[in-house]
Number of protein chains: 4
Amino acid sequence: MMAPSDSGPGRRRNEHSHRAILGAAITLVADRGFENVTVESIASHAGVGKQTIYRWWRSKGEVVLEAINDGFADVAAFPNTGDIIADLRTQMENVTVKLATSDFGSAYRGLIAAAQSDPELARKHIEQIIEPASVACRKRLIQARDMGQIRSDADVQSIIDLLYGAIYYRLLLSTRPLATEQVAQAIDLVFDGIRGTG
Amino acid sequence: MMAPSDSGPGRRRNEHSHRAILGAAITLVADRGFENVTVESIASHAGVGKQTIYRWWRSKGEVVLEAINDGFADVAAFPNTGDIIADLRTQMENVTVKLATSDFGSAYRGLIAAAQSDPELARKHIEQIIEPASVACRKRLIQARDMGQIRSDADVQSIIDLLYGAIYYRLLLSTRPLATEQVAQAIDLVFDGIRGTG
Amino acid sequence: MMAPSDSGPGRRRNEHSHRAILGAAITLVADRGFENVTVESIASHAGVGKQTIYRWWRSKGEVVLEAINDGFADVAAFPNTGDIIADLRTQMENVTVKLATSDFGSAYRGLIAAAQSDPELARKHIEQIIEPASVACRKRLIQARDMGQIRSDADVQSIIDLLYGAIYYRLLLSTRPLATEQVAQAIDLVFDGIRGTG
Amino acid sequence: MMAPSDSGPGRRRNEHSHRAILGAAITLVADRGFENVTVESIASHAGVGKQTIYRWWRSKGEVVLEAINDGFADVAAFPNTGDIIADLRTQMENVTVKLATSDFGSAYRGLIAAAQSDPELARKHIEQIIEPASVACRKRLIQARDMGQIRSDADVQSIIDLLYGAIYYRLLLSTRPLATEQVAQAIDLVFDGIRGTG
DNA sequence: TACTAAACGAGACGGTACGTCTTGTCTTAAA
DNA sequence: TTTAAGACAAGACGTACCGTCTCGTTTAGTA
């Protein structure tokens, strides 16, 4: 999403159309799957001209990225109860539940697929979704490490890759449904490897 | 790829065309990226009619799947030196190196992306690539567990998901290049969690 | 249709297939219209390989030409009662009735259409259908002229073109159905112009 | 050709492309023959997308119909000198000369052939070309009949069918070239049959 | 009784065009 | 000046047939 012109002459961006586009995108992607949604179908569903979409987004993928990013709002805050193991478990479960929601998960899979051949979209995906989650997780892990809750020699980024890797692997590469219990087992194994003496 | 008719009347499948198609697919995907390759371009590069592709494969994705599967041949055999930690490290490193090969890795990313919106292709990907690797890994882990090299209460499938998850996460969701050292760090963490008393 | 090899070793032409092909051609053309019939559909309907059709005919048009030529057999003989006016009227009515038969007429229209862009087919059509009819008509007209039944200065070929022209014009270029009464009116006008003093 | 939207929003039809398409159609049909021209070749010759052709015409045949109709403009007006015989002779000669022009005649033969298997195209051909010519001829004949120049009991439609039939018969079903002298002979015969006492 | 040769049903092959779809851009009239 | 509508050039889609080319089998004559 581009920044709206903050001032100057000319008609301002129509917020109603903006929301209608994001809404149509999410609805259509849920209905037909990411690949079967076209910019034209989003435009006609939103009662908007195609040009209005191309004016503010580079592609269908970026529309969906913005819509999905909104949807991740409720798992943005990393819990901090003082118990790192419990907090990681909570957060990973929240993320898993979110992704296991079939409409949302399927839209997100479509977005990730689109990003494989669109480096700019990939960059924005990392920047807006992956990195923030990673940073929050890293911050919490470092705090825990400082408190001795996890081993001081464990590489923080590797822990993050293991935790999220287990979830995304099941999201993208498994015929089995993504379930919290399964993910929990993998997480527990990581806990066993990283537990500190504190 | 369909099974060739074993007998009966009619002209036989042209193996030269078969190989030319797989070759053209790999070359083109490496050159232009999966999304920018069309069935038409594969056909014309292979000196073949489009129908000959559609006769034997359902889509571009399935052609690339067959070509990629051939390419995985040299990491199919799971090492077995008796030392599970060393064997896992070797295998994961081999897989990582394979996927880090930019042409191959990029083709494979395209295939995985295509499979997100084509359940039949996803099924074949799992069946022909993911499952065999998973089965080989499981077999080796169970043997190691029986020998006491890894904890008897560790869930084998979870271990597999963690190991492969860490690799695929970096392949699909990272701007950083996929490197063996990085993957190795994650693997070591898993080892710490699963090491047995043997 | 090509001539069969007159001697030598080798399997002889299969007359059953020959008839099955002509039959399938007529049936299919009647069912779907000339343009919607393919060599493949004739072959599969006749239970015959495509090559067997291409071995004996140059194209779909030539298969249909042979089938149609068979169908014209019953209007081949020109009546000769001594009264040229009555004979012409009889013959033109027979031809009209034949062409007004919807299956036959529609197949024949398809053949004429195909001949517009296939000079070889056009040549064979003229040679096998148009010319024989023309020759028979010419012979009868000349005999009548010699008997003084038609004007001696009337150009015979022009009479033929007028008579057949009126029929074919209605067959090929009219939305109105081809009917004997209508054709008869035109013929009568020609009679008025050519009547002799005998 | 469809009627343009009379108003409302949206880009207007591009008249330059419209003319380029008709021009390319005529040129190509003259060059290669109707059957060897494809919608794709018209599009690429006209520097136009295929969709722009399919947006305004149902088929190649309808493009050519429009182009041919333009070409008939100079024989649209039926002469009226007061002498019906002379006028008919003039008009029939003009039409013959037009159709004998090899490019134009060959394009028109292709159109008539296409119309044999496309009832909608046939309807438009009749409506836009055959009927107007027929109506003009009928009007002139009725005026002549009223003036006693032709027999009052002659069926006007039959006269028209004879005159045009003789021309089209030679256009579509003869190996001999279409020539005015030949057509003239047939017309004279009709004149002999219809001449009135005026 | 073999051998040779042609025709057969089946069906894969390299091509070409089809008519449809979607892309991202451009043009218009209304608000 | 932005909007919705919608035409535009481009080009890939997957399908249908084309006419040719194997296949392995069947049928007739030589030999």
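Each chain gets a letter, A, B and so on, in the order the sequences are listed, and its residues count up from 1.
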Looking at Lys50(B) and dG14(E), is any side-chain donor or acceptor paired with a base atom of the opposite kind under 3.5 Å? no
Can you find a donor-acceptor pair, distance only, under 3.5 Å between Arg12(B) side chain and dC23(F) base? no
Measure the distance from [atom1] on [X] to [atom2] on [N] and round it to the nearest whole Å.
X: Asn36(B); N: dG11(F); atom1: CG; atom2: P; result: 13 Å
X: Ile21(C); N: dC8(E); atom1: CD1; atom2: P; result: 7 Å
X: His16(A); N: dA31(E); atom1: NE2; atom2: P; result: 18 Å
X: His18(B); N: dT22(F); atom1: NE2; atom2: P; result: 20 Å
X: Arg55(B); N: dT15(F); atom1: CZ; atom2: C1'; result: 12 Å
X: Ile42(A); N: dG24(E); atom1: CD1; atom2: C1'; result: 14 Å
X: Ile53(B); N: dT15(F); atom1: CD1; atom2: C1'; result: 14 Å
X: Glu15(B); N: dC21(F); atom1: CD; atom2: C1'; result: 17 Å

Within less than 4.0 Å of OP1 or OP2 of [N], is there a side-chain N or O belonging to [X]?
X: Ser17(D); N: dC8(F); result: no
X: Trp56(B); N: dC13(E); result: yes
X: Arg11(B); N: dT22(F); result: yes

Of Thr52(D) and Ala46(A), whose nearest nucleotide on DNA chain F comes first from the 5' end? Ala46(A)
On DNA chain F, does the nearest nucleotide to Ser41(B) precede the nearest nucleotide to Gly49(D) from the 5' side, or the other way round? Give the residue. Gly49(D)
Nucleotide of [options] approaching [X] most closely (side-chain heavy atoms):
X: Val39(D); options: dG24(E), dC18(E), dG9(E); result: dC18(E)
X: Glu40(B); options: dA12(F), dC8(F), dC17(F); result: dA12(F)
X: Thr38(A); options: dT23(E), dA12(F), dC18(F); result: dT23(E)
X: Tyr54(A); options: dA16(F), dC13(E), dT23(E); result: dT23(E)

Rounded distance (nearest 0.5 Å) linking atom CG of Leu172(C) with atom CD of Gln116(D): 5.0 Å
Can you tell me how far the CD atom of Gln128(B) sits from the CD atom of Glu66(B), to the nearest 0.5 Å? 8.0 Å
Against the six-membered ring of Trp56(A), is Arg19(A) placed for a cation-pi contact (under 6.0 Å from the centre, within 45° of the normal)? no
For Val48(B) and Val37(A), take the nucleotide of DNA chain E holding the closest heavy atom to each; which residue's nucleotide lies nearer the 5' end? Val48(B)
Which of these, Leu22(A), Ile21(A), Val48(A), sits in a side-chain contact (heavy atoms from CB on, under 4.5 Å) with Ile42(A)? Ile21(A)
Salt-bridge contact Lys124(A)-Glu62(A) (side-chain N to carboxylate O under 4.0 Å): yes
